[in-house]
Structure formats: C-alpha cells, structure tokens
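In listed order, ligands and their atoms are each counted from 1.
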Amino acid sequence: METKTPYHEPVLLKEVLKWLKVEEKNRKVYLDATVGLGGHSLAILENSDTSFLYGFEWNEDSYELALKRLEKYKERIKLYNQNFIFAKEILQQEKVLVDGILLDLGLSSFLLEGSKRGFSYQKDEPLDMRINLELNLTAKDLLHRSSYEELVTIFKKGEVPKAESLAKKIVEKRKKKNFETTFDLVTLIKELYPSPKRINQILPIVFQSLRIEVNKELENLKKALEDLPEILKPGGRLVVISFHSLEDRLVKEFFKRDGRLKVLTKKPIVPDLTEIKHNPRSRSAKMRVGERI
Ligand SMILES: C[S@@+](CC[C@H](N)C(=O)[O-])C[C@H]1O[C@@H](n2cnc3c(N)ncnc32)[C@H](O)[C@@H]1O
C-alpha cells in the first residue's frame, strides 16, 4: 500500500534527547546531520525553547517536507539540502561550534516506501536508489556498467553471500535484457537462491549493498566521523544511530581510536521492546555517543 502522508517514526527519540542533553531552558546549538522528515529535529526544538538547530538533509523531497514541518521554528533553524560531508566546512564558515550532533543514518520510511526511487525490493520501481538526484550513477547504471570484478567487490563489501555467483549471473543476464526495475533484480536473485527463507535474508542485503555503493554511504560516514568532532564544543556530544553492522563497526572502531572523543556508551544503546513493538523498523538500531574532550 502507498503511504499517503509521508512519515517516519524517529528512532530512540527519548534517548537522543537525553544524550544530547536537550532541556527546556538551554541555549544550545545543535546539528541534525540527517534531518529526514524532521522527527528528531522537531523534538529538539520543542524541548529546548532557546536552542538553535542547523540541519542537513541530502534528499530533495525530504528536505522540502522537513522545511514545512519545522516552519513554526523558522527563527531557530537553518536547514541545508546538502550532503553532511559539507557540514564542517559550512558551520566553520558560519563560525559556529555546536553542543550536540545527531547522525541518524540510513533511510527513512518515507524514502523506502514513498520516494519511488527503488530502495525497496517489495515495490516494483525504477532501479535508481540515489538519495540525491545530482549523483551520477543509478543502481541500474551500476548493474550495467560495472565489470564482473567490480560487482563482486560491491557485493563483498556489502557482505552478500555468494557474491561471485550473483555477479556472474548479473553479467550473463544483462547481455540478454536490461535491468530496468527492482523486480528485474528480485527475479534474478530468486533464481539464484531458491529457498524462500534464504531469499528473504538475501534480498535486503543485496539491495542495501547497491544502495550503499550508489550513495557512497560508508565513505560519507567516514568523512563525517573525521570532521564532526572539529565543530563540537568541549563537552559537546556526537550521537550516532546506525542500522547495520557495516556502519556500526565503523562507528565503534572510530570512537575507540579517535583521541578527540571520550566514549560514553561502552555498549551501544538499543531500542526497548516497547519501541520495537511499536516501530519494528527500529529493531536493528544501535546508538553510540562520544563526548568532545
Ligand atoms: C533515518 S533517516 C533520518 C530520520 C530523521 N531523524 C527523522 O526523525 O525524520 C536518514 C536521513 O538521512 C538522509 N541522508 C543519508 N545520507 C545523507 C548524507 N550523506 N547527508 C545528508 N543526509 C543524508 C536520508 O536522506 C534520510 O532522510
């Protein structure tokens, strides 16, 4: 079913407000590096009546929706329709240091279900997967222009089982027929992994690995992690929520070795059962927090 009203349920909301130390009367400056539909941003603004929020959202439609949703707070926000890899540069130009940063990684429910960009294997849509339309290559381009070896690398990086067999099958298939939609790819995957249980495990991993490559998500995350401590005030906090092990591993390793941050979460914070029941998509969330020394 189509989602009529674009929506995304913010994950670990109470925990984000707590770890960002959002309080009623605080004159703090926050950066929401992944505004999405503005769920976390809205809560930050509502719960701290004198704070100011800078926000970055790369997807054009989400940015417009967030602008509207946060309109009421327009005196206290500045939103950019930009990749968060530019946040450090832009905030330094603004001569701003912030008290707290949120990186809520990945896709929103709106992007998965309502963007028509082929992020979901459950919908037959063009194989695009670009978060931002200025990116050069779509998922379809990747499937057609990558060599066998490049496809293997993409799938291995995404930890797809049988990466070689999948790459081989794609190369064979594309000689006969173009991949146009998500279901063209789903059909091929179903041929390769016949057990229904296995297919349900593999489909999200293959789609995720393509999406990560199209949007250079791991490269963006690495750059953001390197950059963002530079625009935090001493005592300011970096809160990162990730949704799969490739991201969480990067965040964990980074926090461990980065001398600018004190790690406040020995173990990641995860949603409780009530949240998972209410919002099953939150079940894979892991939140880690570092504090600028
Ligand atoms: C999980 S959603 C955030 C949801 C948001 N916290 C809310 O409550 O509505 C992640 C968002 O990050 C955006 N995004 C992904 N990569 C980005 C990047 N490199 N720069 C800026 N935004 C990005 C996506 O478009 C998506 O809207």
Salt bridge (Lys or Arg N to Asp or Glu O under 4.0 Å) contacts touching residues 26-36 (sequence neighbours left out): none
Check: Asn215 side chain, Ile131 main-chain N or O, donor-acceptor pair, under 3.5 Å: yes
Side-chain donor or acceptor of Asn81 paired with backbone N/O of Glu57 under 3.5 Å: yes
CA sep, side-chain torsions, deciding dist, call: Glu219, Lys157, salt bridge (charged side-chain N to carboxylate O under 4.0 Å, His left out): CA-CA 12 Å; Glu219 291 79 353; Lys157 197 165 136 193; 3.3 Å; yes
With sequence neighbours excluded, residues passing side chain to side chain contact (heavy atoms under 4.5 Å, CB included) with His278: Glu9
Close residues, ligand 1: non-hydrogen atom nearer than 4.0 Å: His8, Pro10, Ala33, Thr34, Val35, Gly36, Leu37, Gly38, Gly39, His40, Glu57, Trp58, Asn59, Gln82, Asn83, Phe84, Asp104, Leu105, Gly106, Leu107, Ser108, Leu111, Ile131, Asn220
Salt bridge (Lys or Arg N to Asp or Glu O under 4.0 Å) pairs, two or more places apart, involving residues 64-77: Glu71-Lys74
